Amino acid sequence: MRIFDPHIHMTSRTTDDYEAMHTAGVRALVEPAFWLGQPRTSVGSFLDYFDSLIGWEPFRAAQFGIRHHCTIALNPKEANDPRCAEVLQLLPRYLPKDGVVAVGEIGYDSMTPEEDEAFAAQLQLAVTHGLPALVHTPHRDKAAGVERTLAVVKESGIAPERVVVDHLNEVTVRQVIDSGCWMGFSIYPDTKMDERRMVAVLREFGTERILVNSAADWGRSDPLKTRRTGDAMLAAGFTADDVDTVLWRNPVAFYGQSGKLELDDSEAPGADATYEGNSVLRGVRAEV
């Protein structure tokens, strides 16, 4: 089973996690920029963090045979802090960098006017830089947050197939499925979704435009939840091809729209990809 975790915060994880993930089948991942658990008090701390996402963390992942990509953004929670406002002006420095495959996490935490402004501005950056967008939906009043998210996405003019609306559940997936956006699901030990519920969603809605992630971070979470979901799918009667679609080909298709996805040849999806060199896959077509 080959796995591409499309949303995991490895800055918060240990080398033991990397080793266990590789053993479980994880060969690629995307680490979105996010809130570290304590407020950052200066723009410089963001720059140091972004530098680690494009430098140190890919090096650390490579030691365990895993391709590391990231997304860069001012996250929704810290968009409310005026000390962080300048970050928006500095993002164009990072978005063209190798390995940056989307703008994210953007969207809503508390649905404030400040979050509205940062969300809209960063969707425009995604359009300008030709990148997909990874959208965080609020943990509170999620249905209203998803409705507002879809309205802002539509107003921005970004192509819906270049947007993933993340942290969905059984209720909110119905709001997103007809929008043309991708649907992201975070599998957690206690909150968000679990493997059993995810299998039920896949039975009802199919595998198209669905991304399954562990979203593992500094809280109680599990970086092997992608593998556990794949095992649950097989136990429920899904085919190995279904599992490969959800856990590999879908994230390759979504983030491949950036033209900056990098995968080892041995883990590449085959003839539907465009190659440059012997060891790196770039410019993956969305239909992979």
Side-chain angles (χ1 to χ4, degrees), residues 4-7 30 32 71 76 102-112 115-116 119-120 123 126 132-215 221 225-226 228-230 232-233 235-239 241-255 257 286-287:
F4 187 140
D5 192 328
H7 183 151
V30 169
T71 75
V103 177
E105 297 181 50
I106 58 178
Y108 290 113
D109 178 61
S110 301
M111 292 185 283
T112 65
E115 291 172 24
D116 280 327
F119 186 18
L123 283 173
L134 169 61
V135 179
H136 172 95
T137 54
H139 302 301
R140 304 172 299 278
D141 202 4
K142 187 174 287 288
V146 170
E147 181 178 3
R148 191 160 165 179
T149 292
L150 293 175
V152 174
V153 167
K154 185 175 182 179
E155 184 178 339
S156 75
I158 191 172
E161 64 270 18
R162 297 177 72 83
V163 176
V164 57
V165 182
D166 213 346
H167 308 316
L168 298 178
N169 56 31
E170 299 91 337
V171 175
T172 52
V173 62
R174 298 178 185 277
Q175 298 173 262
V176 180
I177 196 165
D178 293 329
S179 70
C181 296
W182 286 69
M183 296 155 280
F185 296 85
S186 300
I187 315 301
Y188 258 46
D190 298 320
T191 59
K192 297 182 174 70
M193 295 283 288
D194 62 25
E195 303 93 312
R196 176 186 56 80
R197 292 166 59 198
M198 190 66 235
V199 165
V201 167
L202 290 166
R203 276 187 175 139
E204 182 170 0
F205 297 101
T207 61
E208 185 179 355
R209 287 187 290 121
I210 283 182
L211 301 182
V212 171
N213 62 71
S214 70
S221 50
K225 279 296 188 181
T226 47
R228 300 191 204 288
T229 300
M233 289 177 67
F238 284 90
T239 67
D241 189 66
D242 293 329
V243 173
D244 194 63
T245 294
V246 172
L247 295 185
W248 185 266
R249 298 202 298 267
N250 281 358
V252 167
F254 179 74
Y255 286 113
Q257 295 177 100
E287 68 266 28

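Since this is a predicted model, take the numbers as computed values, not measurements. Side-chain atoms are counted along with the backbone in the values below, which use heavy atoms only and exclude waters and symmetry mates.
Atoms OG1 and CG, on Thr137 and Asp166 in that order, are 7.0 Å from each other to the nearest 0.5 Å. Atom CZ of Phe205 is separated from atom CD1 of Ile177 by 5.5 Å, given to the nearest 0.5 angstrom. Annotation: the span from Arg174 atom CZ to Met183 atom CE amounts to 12.0 Å, rounded to 0.5 Å. With values rounded to the nearest 0.5 angstrom, Glu195 atom CD is found 10.0 Å from Thr226 atom OG1. We find the CZ-CD1 distance between Arg228 and Ile187 to be 12.0 Å, quoted to the nearest 0.5 Å. Note: Phe119 CZ to Ile106 CD1 = 5.0 Å, rounded to the nearest 0.5 Å.
Within the 3.5 Å criterion, the main-chain N or O of Glu161 finds a donor-acceptor partner in the side chain of Trp182. The backbone N or O of Arg197 sits nowhere less than 3.5 Å from a side-chain atom of Glu170 that would complete a donor-acceptor pair. The backbone N or O of Met111 lies less than 3.5 Å from a partner atom in the side chain of Glu115, making a donor-acceptor pair.
The aromatic rings of His139 and His167 sit tilted relative to each other, their planes meeting at an angle between 30° and 60°.
Looking at heavy atoms from C-beta onward, Arg249 lies in side-chain contact with Asp241 at the 4.5 angstrom threshold. Residues Tyr108 and Asp116 have side chains in contact (heavy-atom distance under 4.5 Å, counting atoms from C-beta outward). Proximity of Asn250 to Phe4: side-chain heavy atoms (C-beta onward) are nowhere separated by under 4.5 Å. A heavy-atom distance below 4.5 Å is found between the side chains of Ile210 and Met198. You'll find the side chain of Leu247 reaches within 4.5 Å of the side chain of Val212, heavy atoms only.
Heavy atoms only, all atoms of each residue included: Val246 and Pro251 are closest at O-CD, 3.5 Å. Heavy-atom minimum distance, Ala126 versus Pro132: CB-O, 4.2 Å. Considering every non-hydrogen atom in both Ala215 and Tyr188, the closest pair reads O-OH, 2.8 Å. The nearest pair of heavy atoms linking Cys181 to Val153 is SG-CG1, 4.2 Å. Heavy atoms only, all atoms of each residue included: Arg209 and Gly180 are closest at NH1-C, 3.4 Å. For Ala133 against Leu123, the heavy-atom pair with the smallest separation is CB-CD2, 4.0 Å.
A salt bridge is absent between Lys225 and Asp194: the closest approach of a Lys/Arg side-chain nitrogen to an acidic carboxylate oxygen does not fall below 4.0 angstrom.
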Exercise for the section: For side-chain hydrogen bond (donor to acceptor under 3.5 Å, both in side chains), just list the numbers for Thr239 and Asp242, CA-CA rounded to whole Å, side-chain angles, deciding distance to a tenth of an Å, and then say yes or no. Expected result: CA-CA 5 Å; Thr239 67; Asp242 293 329; 3.1 Å; yes
Practice task
Apply the test side-chain contact (heavy atoms from CB on, under 4.5 Å) to residues Val201 and Met193: give CA-CA distance (whole Å), side-chain angles for both, the deciding distance (0.1 Å), then the verdict.
Solution key: CA-CA 10 Å; Val201 167; Met193 295 283 288; 3.8 Å; yes
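Checking Asp5 against Ser214 by side-chain atom types alone, a donor-acceptor pair falls below 3.5 Å.
Every residue two or more places apart in sequence or in another chain that forms a side chain to side chain contact (heavy atoms under 4.5 Å, CB included) with Pro32 is listed here: His7, His9, Thr71, Glu105, Leu134.
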